[in-house]
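To start, the structure under review is shown below, and the notes come after it.
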Amino acid sequence: MTSNNLDVETQILKGQQAQQKGDACELEAAAYFRKLGYLVFQGMSGPIDLVLVHQETGETRYVDVKYKNTRQGTKTLGRRINRTVTSPLKKYITIEIVYVDDEGKVEFPSAQGREEWAKKYKVDRNEKGQYNGKVINR
């Protein structure tokens, strides 16, 4: 048994399935950006999955593609689990995160950033001060 209480064979199988899901998400994201007029370069290593160059403007973008995983069994059921770029490269270049769901829909995180979002919106909390899954406009 491994530390997550799975036998080695099951853990290997789950890892292979996760890799296949990630590869499919990258293909969906690449198709999405091609439709928007970008040349797409795949097979990057590290935190960059796609390098995009717009065919008309020359704009270059670096993208990290993530599977849109959602929270299960909580009051925020169905809400996307947000991820961040942790690579030291983020000091030098902007690496965008793009989420892809099971249907192949591409989704972008809020472009405002957490601090700007918190200035604009307020979250509802219960009597214990815990977030209850509701967002209130200010």
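Nothing here was measured: the structure is a model prediction, and the numbers come from that model.
In this structure, D49 CG and Y62 OH are separated by 14.0 Å, a value rounded to the nearest 0.5 Å. Of the inter-residue distances, the one linking R61 atom CZ with E96 atom CD reads 4.0 Å to the nearest 0.5 angstrom. Here the CZ atom belonging to F41 is positioned 9.0 Å from the OG1 atom belonging to T60, to the nearest 0.5 angstrom. We find the CD-CG distance between Q55 and L36 to be 11.0 Å, quoted to the nearest 0.5 Å. Note that CG of L27 and CD of Q42 are 5.5 Å apart. Values are rounded to the nearest 0.5 Å. For the atom pair NZ of K66 and CD of E107, the computed distance is 15.0 Å after rounding to the nearest 0.5 Å.
Judged by distance alone, the side chains of Y67 and D102 do bring a donor and an acceptor atom under 3.5 Å apart.
Among the candidates D64, L50, V63, the single residue satisfying the side chain to side chain contact (heavy atoms under 4.5 Å, CB included) test with V98 is V63.
Across all non-hydrogen atoms, the minimal contact from G58 to V53 is O-CG1, 4.2 Å. Considering every non-hydrogen atom in both V65 and A29, the closest pair reads CG2-CB, 3.8 Å.
The closest donor-acceptor contact from the side chain of H54 to the backbone of L39 lies at 3.5 Å or more, if one exists at all.
Taking the side chain as every heavy atom from C-beta outward, K105 and Y99 never approach each other to under 4.5 Å.
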